[in-house]
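Worksheet: the structure to be examined is printed underneath.
Any value given below was found using the heavy atoms of this structure, including those in side chains, with hydrogens, waters and symmetry copies removed.
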Protein chains: 2
Amino acid sequence: MRHKKTSVGNVTVLERLRASGLRPTRQRLALAKLLFARGHRHASAEQLFNEAKTHRIEVSLATVYNALHDFTAKGLLREISIDSGGSYFDTNTSYHHHFYFERSGHLEDIAADRIAIAALPDAPGGAEISRVDVIIRVNG
Amino acid sequence: MRHKKTSVGNVTVLERLRASGLRPTRQRLALAKLLFARGHRHASAEQLFNEAKTHRIEVSLATVYNALHDFTAKGLLREISIDSGGSYFDTNTSYHHHFYFERSGHLEDIAADRIAIAALPDAPGGAEISRVDVIIRVNG
DNA sequence: GTTATATTTTAGAACCATTCTAATCTTATT
DNA sequence: AATAAGATTAGAATGGTTCTAAAATATAAC
Ligand SMILES: [Mn+2]
Ligand SMILES: [Mn+2]
Ligand SMILES: [Zn+2]
Ligand SMILES: [Zn+2]
């Protein structure tokens with residue numbers, strides 16, 4: 001295995017970017033690989049930026065933000081704000097909820113069917129519901 | 001009515017501050033009056049600061065933040081973060097939920113009994129649930 | 001009331017996540 | 001290869017919030 005131009009992960013990620021209409025640039029590919037390589041995760045911009053550094057991926061912080069927002073706009077990520085000092089980007093874009101560990105800042109998924117919301121009220125003034133977030137804060 | 005050292009509102013607010021163990025300073029009294037004078041509201045620090053200005057209440061922005069956090073710590077307010085650029089302070093401290101109007105940034109209360117959460121999952125690792133927030137985002 | 005002590009207020013600096021700018025570079029198209 | 005559209009970048013700027021340390025005030029002790 002001397003050259004590994006395209007690993008399985010690479011191809012998958014490249015296809016996801018192309019399918020969403022985003023140009024698969026070196027930076028986006030590298031960041032997407034970091035984000036989507038393993039199971040679902042909740043990453044901050046700073047986290048991803050540092051991870052890139054660790055992997056010797058040269059990418060600016062602005063590009064990390066650009067990529068995260070581009071991915072979010074294309075539905076590859078979902079942005080979550082818990083406290084007013086930063087947001088997380090969730091690789092799990094299906095409908096689900098979260099435990100938020102206040103001490104550590106860690107987020108943990110709650111499958112949608114584990115929280116049954118009976119009788120969701122209609123939005124006032126005929127507004128359209130765009131999203132429902134349930135956040136369970138725990139001391140942990 | 002030449003002097004009005006204590007109006008009914010003043011007394012109530014003063015008592016609330018004393019009861020919570022906060023010294024009823026001129027600034028806290030004025031801010032608390034603005035916050036609690038009428039029905040429930042969701043105020044940002046900037047909003048409250050400008051409101052104070054309008055009412056010719058001389059108070060620094062740092063004091064507004066200090067007061068909001070002190071009130072929150074004593075249970076007179078509840079802090080709500082929706083997006084990562086600022087938080088709201090809710091004068092309604094009873095258990096309830098929110099509509100969030102994404103266009104305007106407006107928050108509207110949803111009475112607790114209008115959202116029936118069946119089967120709230122236990123927190124992982126025996127952690128204790130400190131709060132459950134349901135935020136319904138609407139395009140409005 | 002006066003004094004002493006603890007708490008609060010304040011202006012402005014600092015902080016930190018995020019966004020902007022505009023120049024440079026890369027990708028896709030022809 | 002030439003072109004045009006899109007992306008990246010360093011660094012400045014922004015905006016909400018917190019910090020600092022000095023001055024002011026509230027409460028407690030006398
Ligand atoms: Mn964002
Ligand atoms: Mn806060
Ligand atoms: Zn999630
Ligand atoms: Zn509310």
Whole-Å distance between [N] [atom2] and [X] [atom1]?
X: A/Asp83; N: D/dT17; atom1: CG; atom2: C1'; answer: 12 Å
X: B/His69; N: D/dC19; atom1: NE2; atom2: C1'; answer: 13 Å
X: B/Leu68; N: D/dG16; atom1: CG; atom2: P; answer: 14 Å
X: B/Lys53; N: C/dT10; atom1: NZ; atom2: C1'; answer: 15 Å
X: B/Glu79; N: D/dT17; atom1: CD; atom2: C1'; answer: 10 Å
X: B/Asn50; N: D/dG15; atom1: CG; atom2: C1'; answer: 14 Å
X: B/Asn66; N: D/dT17; atom1: CG; atom2: C1'; answer: 11 Å
X: B/Leu17; N: C/dT9; atom1: CG; atom2: P; answer: 10 Å

| request: By nearest nucleotide on DNA chain D, pick out whichever of B/Pro24 and B/Gly85 is the more 5' one. | output: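 Taking each residue's closest nucleotide, the earlier one in sequence belongs to B/Gly85.
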
| said: Please determine whether a side-chain nitrogen or oxygen atom of A/Arg18 lies at a distance below 4.0 Å from atom OP1 or OP2 of C/dA28. | reply: yes

| Are any of A/Thr25's side-chain N or O atoms less than 4.0 Å away from OP1 or OP2 of D/dT8? |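 Checking A/Thr25 against D/dT8: at least one side-chain N or O falls below 4.0 Å of OP1 or OP2.
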
Closest to side chain of [X], choosing from [options]:
X: B/Ala62; options: C/dT8, D/dC19, D/dA7; answer: D/dC19
X: B/Gln27; options: C/dT9, D/dT17, C/dT8; answer: C/dT9
X: A/Tyr65; options: D/dA7, C/dT19, D/dA26; answer: C/dT19
X: B/Ser60; options: C/dT10, C/dT27, D/dT17; answer: C/dT10
X: A/Leu61; options: C/dT18, C/dT8, C/dT19; answer: C/dT18
X: A/Ala45; options: D/dT27, C/dT18, C/dT19; answer: C/dT18
X: B/Arg23; options: D/dA7, C/dA17, D/dT27; answer: D/dT27
X: B/Arg26; options: C/dG12, D/dT25, C/dT8; answer: D/dT25

| remark: Of A/His42, A/His40, A/Arg41, the one forming a side chain to side chain donor-acceptor pair (under 3.5 Å) with A/Asp109 is A/His42

Looking at every strand, decide which applies to [X] at a 4.0 Å heavy-atom threshold: base, sugar-phosphate, or nothing.
X: A/Thr63; value: base
X: A/Ser87; value: sugar-phosphate
X: A/Asp70; value: nothing

| Taking atom CZ of B/Arg137 and atom CZ of B/Phe99, what is their separation to the nearest 0.5 Å? | 13.5 Å

Which pair of heavy atoms, one from [X] and one from [Y], lies closest together, and at what distance?
X: B/Tyr88; Y: B/Gly105; result: OH-O, 2.5 Å
X: B/Gln47; Y: B/Ala43; result: OE1-CA, 3.4 Å
X: A/Arg78; Y: A/Asn92; result: CD-O, 4.2 Å

| field | Atom CZ of B/Arg26: over 12 foreign heavy atoms under 6.0 Å | value |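 No, CZ of B/Arg26 has 12 or fewer neighbouring heavy atoms, counting only those of other groups under 6.0 Å.
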
